[in-house]
2 protein chains.
Amino acid sequence: MLTDRQEMILRAIVRDYTNNGVPVGSKALVEQLPVHVSSATIRNEMAVLESVDLIRKTHSSSGRIPSMRGYRYYVDHLVRPDVVKDNDVDLIKTSLGGDFQKIDEIVAQSATILSDLTSYTTFTLKPELKNSRLSGFRLVPLGNRQVMAILVTDNGDVENQTFSVTHNVTSEQLEAVVRIINDQLVGLPLEDVVEKLKLQIPAEVTRYMQKPEGFLRIFGDVLTRASQERFYVGGRMNVLDFSEQTDIDTLRSIYSLMDHTDDIAEVLGEPSNQIQVKIGDEISNSDLLKNYSLITATYDVDAHGKGIIALLGPTRMPYSKMIGLIGAFRNELASKLIEYYRHFDE
Amino acid sequence: MLTDRQEMILRAIVRDYTNNGVPVGSKALVEQLPVHVSSATIRNEMAVLESVDLIRKTHSSSGRIPSMRGYRYYVDHLVRPDVVKDNDVDLIKTSLGGDFQKIDEIVAQSATILSDLTSYTTFTLKPELKNSRLSGFRLVPLGNRQVMAILVTDNGDVENQTFSVTHNVTSEQLEAVVRIINDQLVGLPLEDVVEKLKLQIPAEVTRYMQKPEGFLRIFGDVLTRASQERFYVGGRMNVLDFSEQTDIDTLRSIYSLMDHTDDIAEVLGEPSNQIQVKIGDEISNSDLLKNYSLITATYDVDAHGKGIIALLGPTRMPYSKMIGLIGAFRNELASKLIEYYRHFDE
DNA sequence: TCTTAGCACTTATGTTAATCGAGTGCTAAA
DNA sequence: TTTAGCACTCGATTAACATAAGTGCTAAGA
C-alpha cells in the first residue's frame, strides 16, 4: 500500500512524463510538488516506488519513468478525468450537428472528429443490436444482365452488391427467389438466416431455377457483410506522429491491422460500460502494440443497442485529458444518435 | 550531343545509382564498363557530363549521381525496357485470373498486384468512355422510409445511395419521379443530364410532389459520383519504404493526395498512348513530389475506352525494370478486360 | 589531340578521448 | 525521519584524428 506522499509522487511522475516525454528526476519533482521536502527525501520515496515496480529507470543514473504497472496504478487509483474545455465541446457539437443521411456517416465522421481532437488514432463502431433481423431482400434488375441484390436489416442497415446473371434468367424467376427469401426468412435473426440458407432454401428455389447456387452465394455474401461489425478508423496518419522510434515493419503491421475489422474487434475486446484503459501488452498478447495504450468507451442508444468508440495512442499519453475527452464525446454522440433514431422511428 | 562513350557512361551511372543508391565514382565505372580506359579518362568524360548538367556531385569530392536532366536523357534516349521474367508474367496472369463480378474489382485488384510486383505505390483507373450516358435510374423503397437511389450508365457503372424520405411520400410519387427521369434523361451523356437536371426536370417533378429538392439533390449526388473518375490505390504503405529521409509532413501530404481522386487525376495529367515517365518536379509544380517519379501507361479496351495505370516511386528507381513491368501488366490487363467485356456484351 | 599516371586536395565517415551535466545511492549527522 | 554532502554512473556532446573514396589538374606519352 502506498502512502499519500508516494501516490502524489507517482502522480507527478506520470503527469510530467506524459507531458514532456523526458524521464523525471528528484530535483524536478521537488520543484513542482506542493510539499516542502528535499530532493534526497524524494529520492528515497522513489526508491520505494521502484522496488514495487511502479516506476523504473531508463539507465542506471537516469530519472524515472512509469512502468506498465505504474501507469496501471495511476489509471486505476489516481487519475481524475479532465474537465473538457468549452471550446472542444462546442467543436464536437457542431461537427456532429450536420444533417446526415445515414447512421454510418455519423459514426464515420465521429472517428474523424475524435482523432482531430486527440491527435491519436480512433476507431468507432455503430450501435448494434445483438441479433439484428432480416427485414427485407430485393433483387433489382439494372439492365444488361446486371442485377443488384439489396439486403435490409431491422436496425436500418443496408447492404448491396451488383452481379451478372446469365441471359436466360427471367424477371419472373428473380421475383420468385425474392418471394421465397422474404416469405421464409424475414424477421429471423441473421444467424438463423445463415442456417436456413443452407438447408431449406436451396430446395425451394430449385423449383424455379435450375442452378440457384450463384444467387444464393451472392445472398450469402451480402448477408455476411451485413452481419459483420464494421469499424471506422480516424486519424490513420497520426500513428506516424506518436510512434517515435518505431521501425517500418511494426508500422506496416499496425496499418494492416487497421484495414481488418476482425482484427480491430479482437484487439478492442469485450467493452464494458466503464471507460476502459488498456496499457501496453494488456492490449493483445503479441507485443506489436506494447508501446501503445487503448482507451475504449461504449455509448448507449437505448433500444438501438450500444456502440463503441476507442482511442489508440502511445503508452505515455495524457490519460486524464484523453479520458475526459472520450467521455464527453460519447455523451454527445449518444444524444445525437438518440435524436436521430427518434426521427427515424416515428 | 553526346558521344557514344558519354552515353555509355551516363547509362552506367544511372543504372548503378538506381540499384545501389550510392554516388558512383570513376573507379567503380572503369570496372564495370566494357571499354578499356583509365579512371582519369572517365573522370574527364564525367566532367563533360557534369558541365551539361546531366550528372552532379553531392559534395565537392563525391562520386556522381544523375541530375533530373540526366534521368530525363536516360529515359528518353538510353533506357531499354527489361524483358519481364516468366515468373512475373505468370503471377500477373493468375492474379487476374479469378472470376470477378465487377470491373471495379478487377481494376482495384490490379493496383494491388502491380504494387506487389514493383514494391511501389500504384494508381489504377478503369476504362472510361469520354461521354458515358445515363442508362437507367431506380428508386427502391426499403421500408422504414428508407429509399435507395440507383443510377446505371451505359458502360456498366452502378452508383447507389440510400436516403430517408418524409412519411407522406407515396410510392406512386416515387414512381412518377423515376418515370420522368428515365423518360427525359436516359440516353443522354452525363454532362447533359446535369444540365437538364437544373432546368426542365424540377418543373415537371413539381406536378407530382411539392418539394422535389431533396430528391433532385440525391439524384445529383449519385450523378456526380458516377461521372467522377475514381482511382484505386495500391501499396500505400510502400511509400514508407522508398521515402528515405522524408519528413512526416511531406508524408502526410502524399497520403492526403492519395485520398483525393481529383488530386490524383491532376497529378497524372493527360496520358498518352506511350508509356510516360515524369521525373521529379515534372510531376507537379509544387515540390511535394520532387524526389519521386511517376510512370503512367494507358490500356486500351477497344470500344469500351481506355484506362490508366500508374506507378509512383523514388526518382532513383530502376526505370528499365519498371517500364518493362508496367508494359507487361497493361497488356495483360487489357486482354483480361476485353475478355470480360466480350462476356458482358453478348 | 587524346589518354593516362601521379599527386595534392576535399569531404564524408568513423573512432577515440575528453568533458559536461543530470541524476542516483549511500552515509552520517541533525 | 529528514537532509546535506559526496562519490559514482551513464548518456550526450564535442574535438581531434585517421581513413577512404573521390576529384581536378598537370605533365608526359601515344
Side-chain angles (χ1 to χ4, degrees), chain A residues 1-10 12-67 70 244-245 316, chain B residues 1-10 12-67 70 244-245 316:
Chain A
M1 206 50 202
L2 300 187
T3 65
D4 285 356
R5 192 167 68 187
Q6 286 161 353
E7 290 202 332
M8 180 175 63
I9 290 173
L10 176 57
I13 290 175
V14 172
R15 199 173 38 205
D16 194 292
Y17 182 64
T18 52
N19 286 332
N20 310 320
V22 179
V24 17
S26 51
K27 243 183 203 149
L29 282 173
V30 168
E31 284 166 22
Q32 65 186 270
L33 286 179
V35 291
H36 187 63
V37 290
S38 79
S39 64
T41 308
I42 301 290
R43 278 204 290 286
N44 289 333
E45 295 285 42
M46 287 166 90
V48 174
L49 289 174
E50 185 168 14
S51 73
V52 292
D53 189 27
L54 290 173
I55 60 181
R56 65 189 180 84
K57 301 184 226 174
T58 59
H59 60 85
S60 77
S61 73
S62 76
R64 305 305 214 294
I65 64 174
S67 67
E244 308 150 334
Q245 307 270 30
R316 57 166 279 265
Chain B
M1 204 53 200
L2 299 188
T3 65
D4 285 355
R5 192 167 67 186
Q6 285 161 353
E7 289 202 333
M8 181 174 63
I9 291 173
L10 177 56
I13 290 175
V14 173
R15 199 172 40 205
D16 193 292
Y17 182 64
T18 51
N19 286 331
N20 310 319
V22 179
V24 18
S26 52
K27 241 183 204 152
L29 281 173
V30 168
E31 283 167 24
Q32 64 186 272
L33 286 179
V35 291
H36 189 63
V37 292
S38 77
S39 64
T41 309
I42 302 290
R43 278 203 290 285
N44 289 334
E45 295 285 43
M46 288 165 89
V48 176
L49 290 175
E50 184 167 13
S51 73
V52 292
D53 190 26
L54 291 173
I55 58 180
R56 62 188 182 85
K57 301 184 225 176
T58 59
H59 60 85
S60 79
S61 73
S62 76
R64 305 304 213 294
I65 63 174
S67 68
E244 307 149 335
Q245 308 270 32
R316 58 164 281 267

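Each chain gets a letter, A, B and so on, in the order its sequence line appears, and its residues count up from 1.
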[X] [atom1] to [N] [atom2], straight-line distance once rounded to whole Å:
X: A:L29; N: D:dT3; atom1: CG; atom2: P; result: 15 Å
X: A:I42; N: D:dA4; atom1: CD1; atom2: P; result: 13 Å
X: B:N44; N: D:dA27; atom1: CG; atom2: P; result: 15 Å
X: A:R43; N: D:dA7; atom1: CZ; atom2: C1'; result: 12 Å
X: B:E31; N: D:dA21; atom1: CD; atom2: C1'; result: 12 Å
X: A:E45; N: C:dC26; atom1: CD; atom2: P; result: 15 Å
X: A:Y17; N: C:dA22; atom1: OH; atom2: C1'; result: 16 Å
X: B:H36; N: C:dA5; atom1: NE2; atom2: C1'; result: 14 Å

Taking only side-chain N and O atoms of [X], does any of them lie within less than 4.0 angstrom of OP1 or OP2 on [N]?
X: B:S60; N: C:dT10; result: no
X: B:K57; N: C:dT10; result: no
X: A:T41; N: D:dT1; result: no

Where the side chain of A:R5 is concerned, which of C:dT24, D:dT2, C:dA5 is the nearest nucleotide?
->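 Nucleotide nearest to A:R5's side chain: D:dT2.
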
Mapping A:A28 and A:A40 onto DNA chain C by nearest heavy atom, which one lands closer to the 5' end?
->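 Of the two residues, A:A28 wins.
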
Hey, which of these two, A:S26 or B:H59, hits DNA chain C nearer its 5' end, going by closest nucleotide?
->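 On the 5' side of the pair lies B:H59.
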
A:H59 atom NE2, neighbour heavy-atom count above 12 within 6.0 Å =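 More than 12 within 6.0 Å, yes.
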
Do A:R56 and A:S67 have side-chain N/O donor and acceptor atoms under 3.5 Å apart?
->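 Checked: A:R56/A:S67 side chains show no N/O donor-acceptor pair below 3.5 Å.
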
Do A:S26 and A:R43 meet the criterion of a side-chain donor-acceptor pair at a distance under 3.5 Å?
->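 The criterion, which ignores hydrogens and geometry beyond distance, is satisfied for A:R43 and A:S26.
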
Closest approach of B:L49 to B:I9 (non-hydrogen atoms, all atoms of both residues) |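 Answer, listing the atom of B:L49 first, then B:I9: CD1-CG2, 3.9 Å.
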
Can you find an N or O donor on one side and an acceptor on the other, under 3.5 Å apart, linking the side chain of B:S61 with the base of D:dT23?
->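 In this structure, the two groups form no donor-acceptor pair.
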
Got a second to check how far A:L54's CG is from A:I13's CD1, nearest 0.5 Å?
->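 With rounding to 0.5 Å, CG (A:L54) is 9.5 Å from CD1 (A:I13).
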
So what does B:K27 hit on the nucleic acid, given a heavy-atom distance under 4.0 Å: a base, only sugar-phosphate, or nothing?
->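 Here B:K27 touches no strand at all.
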
How would you label the contact of B:S39 with the nucleic acid (heavy atoms, under 4.0 Å): base, sugar-phosphate, or nothing?
->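 Here B:S39 touches no strand at all.
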
